[in-house]
Novice: 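Let me give you the structure first, and then I'll get to my questions.
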Protein chains: 2
Amino acid sequence: MRAQTATAADETGRLKGRIRQRQESAMLKAAEKVFARAGFQGATMAEIADLAGVPKATLHYYFGSKEELYRAVLDNILDLWLAETESITVDADPATALTTYVQAKMRLSARRPDASRVFANEIVHGATHIGEYLRTELRRTVEARAAVIDQWAAEGRILPVDATHLFFTIWAATQTYADFENQVCAVLGKPRLSVSDHQRATAHVLTVVLRTCGLPCVSGQPRPVSPSPANTTH
Amino acid sequence: MRAQTATAADETGRLKGRIRQRQESAMLKAAEKVFARAGFQGATMAEIADLAGVPKATLHYYFGSKEELYRAVLDNILDLWLAETESITVDADPATALTTYVQAKMRLSARRPDASRVFANEIVHGATHIGEYLRTELRRTVEARAAVIDQWAAEGRILPVDATHLFFTIWAATQTYADFENQVCAVLGKPRLSVSDHQRATAHVLTVVLRTCGLPCVSGQPRPVSPSPANTTH
DNA sequence: TCTGAAACTGACCATCTGGTCAGGTTTTTG
DNA sequence: CAAAAACCTGACCAGATGGTCAGTTTCAGA
């Protein structure tokens, strides 16, 4: 089910032509943007083709149908999603591991907001295309990592916490800066999120997660309780 | 811009007929469900009409266009959104106030998931219809409540925290149980969220928010999400 | 250079969908 | 109770959209 852009091998195992590789990635990029902006049904093949700078028929030459193109975009995205949890292991330092994970998630929201939006859209609208992935791979991954967090708690290295739901909260809190960027911007009164906005958001989410686990902030200045410069201005 | 189903008055100030009132609400209910499931573009007037049990032409008789129907659904929802923040005042007990607010948000996710999904969809896809609302009403509300939280922090009643971003986190953490219900269910390995799942989720989110603010959990047992008549009630 | 394969595309089509409207029925009102 | 207003709807239409295809161009390898 997973796209194989990394190895660029098609079903027969042969390498894809250079041209095909380059074109495909351009189309996937355009498709991601359009699907993010309009959803599956709202996106049109014509718009995607325009953005990719090719005729519509060419898009159909590469991806047989809109459905197929959508799945390709989705597969491309799922690879991003599962990664990043490796930092969470029993032997790791909880504060460091969680910080690394949250930062990775925030980085993803900042760098690939369209990917996050396509993913969000897919789930809101019933997850018909990735339900299987959620029920198998994602579930297994979460169970494994939740077990680690439970272990940390059992050893008294963090406060007891519902590990599975903690993941839901981390995903929600981080992805909101991509999926709901418009709302965040509107409330902050800015046209878009700057780098420092993202830094502040990251610091905040880290605060939430670490305090939830009863851990002090790791990176930057150690300031578990004292007022932080990040929180003061408004 | 706000729909006036509460007063049932049209633009001229006259009361709407009984028939119109009943029909309209049936159509809005159907529309909310379909828009939630398929998004604005993906929803079809025919499907909404079918679900409402009326011919398509009747739907157009009540709501001139798809756009108009969508705005009506949205307006209906926005009223839900701004409420619930009254509990957050300078004089209130922080723990109690935050608990009340989070519980209210969780209740909304449990009882009106479709409303939440329509809202989510609208924002993900650019917030073209409610951008003004976000930039004005919502922003003002958040600024006011954030000031309260800052005040609490200044008085040492809670730990310092980025108040505005705290709202983003609360919204994200609570609405994820509506918007991303599919993902949550998939990871939990359940076909849908039970009442006890919602209780557990509420307890978790409360833990996150209260620990973030350095507060103890109030009333040992968080108030349960009252048994929801599902998405049915309006 | 030649040749087959891959890449490409303009033109076209079937279908779906939002929207209209003329004419009918029911409800309200004077 | 009659007229007016509100309500309702089958049938229809124009435009948009996903998808097709036959024919052309470009590329890679012998």
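Order of the sequence lines sets the chain letters (A, B, ...), proteins ahead of strands, with each chain counted from 1. Below, all heavy atoms of this structure are taken into account, side chains as well, without hydrogens, waters or symmetry copies.
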Novice: Is the phosphate of C:dT9, meaning OP1 or OP2, less than 4.0 Å from a side-chain N or O of A:T58?
Specialist: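 Yes.
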Novice: A:Y62 has an atom OH; how far is it from atom C1' of C:dT9, in whole Å?
Specialist: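 It is 12 Å, rounded to the nearest whole Å.
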Novice: Using OP1 and OP2 only, check whether a side-chain N or O of B:Q23 sits under 4.0 Å from D:dC8.
Specialist: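 Yes, because at least one side-chain N or O of B:Q23 sits under 4.0 Å from OP1 or OP2 of D:dC8.
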Novice: NZ of A:K56 versus C1' of D:dG18: gap in Å, rounded?
Specialist: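 For the pair A:K56 NZ and D:dG18 C1', the rounded distance is 6 Å.
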Novice: Is the closest basic N to carboxylate O distance between A:R117 and A:D114 below 4.0 Å?
Specialist: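 Salt bridge present between A:R117 and A:D114.
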Novice: With salt bridge (Lys or Arg N to Asp or Glu O under 4.0 Å) as the test, pick out the partner of B:E143 among B:R145, B:R139, B:R140.
Specialist: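 Looking at B:R145, B:R139, B:R140, the match for B:E143 under the salt bridge (Lys or Arg N to Asp or Glu O under 4.0 Å) is B:R139.
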Novice: To the nearest angstrom, how far is A:L59 atom CG from C:dC8 atom C1'?
Specialist: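 Computing the A:L59:CG to C:dC8:C1' distance gives 13 Å.
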Novice: From CD of A:Q41 over to C1' of C:dC16, roughly how many Å is that when rounded to an integer?
Specialist: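 Roughly 12 Å, once rounded to whole Å.
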Novice: Establish, yes or no, whether the cationic atom of A:R22 lies under 6.0 Å from the six-membered ring centre of A:Y62 and within 45° of the ring axis.
Specialist: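 No, a cation-pi geometry is absent between A:R22 and A:Y62.
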Novice: Nearest to the A:A57 side chain among D:dT17, C:dT20, C:dT9, which nucleotide is it?
Specialist: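 Nearest to the side-chain atoms of A:A57, counting from C-beta on, is C:dT9.
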Novice: Among D:dG10, C:dG18, C:dT9, find the nucleotide with the atom closest to the side chain of A:P55.
Specialist: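 Among D:dG10, C:dG18, C:dT9, the one nearest the side chain of A:P55 is C:dT9.
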Novice: Just call it for A:A49: base, sugar-phosphate, or nothing, with non-hydrogen atoms closer than 4.0 Å on any strand.
Specialist: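 No contact at all - A:A49 keeps every heavy atom at 4.0 Å or more from the nucleic acid.
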Novice: In this structure, how many angstroms lie between the C1' atom of D:dT17 and the CG atom of A:D50, rounded?
Specialist: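 Taking CG of A:D50 and C1' of D:dT17, I get 13 Å after rounding.
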Novice: Without decimals, in angstroms, what is the distance between A:I48 CD1 and D:dG19 C1'?
Specialist: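 For the pair A:I48 CD1 and D:dG19 C1', the rounded distance is 14 Å.
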Novice: Would you say a side-chain N or O of B:Y61 is under 4.0 Å from OP1 or OP2 of C:dT20?
Specialist: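 For C:dT20, OP1/OP2 do not have a side-chain N/O of B:Y61 under 4.0 Å.
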Novice: Could you state the CZ-C1' distance from A:F63 to C:dC8, rounded to the nearest angstrom?
Specialist: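 Result: 15 Å.
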Novice: Please give, in whole Å, the distance from C:dG19 C1' to B:Y70 OH?
Specialist: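 B:Y70 atom OH is separated from C:dG19 atom C1' by 20 Å.
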Novice: Using OP1 and OP2 only, check whether a side-chain N or O of B:R20 sits under 4.0 Å from D:dA6.
Specialist: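 Answer no for this pair, as no side-chain N or O of B:R20 is under 4.0 Å from OP1 or OP2.
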Novice: With a 6.0 Å cut-off on ring centres, are A:F40 and A:H125 close enough?
Specialist: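 Between A:H125 and A:F40, which both carry aromatic rings, the centre distance is not below 6.0 Å.
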Novice: So if I apply the side-chain hydrogen bond (donor to acceptor under 3.5 Å, both in side chains) rule between B:H204 and each of A:D162, A:T169, A:T164, which one comes out positive?
Specialist: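 Output: one option passes, namely A:T169.
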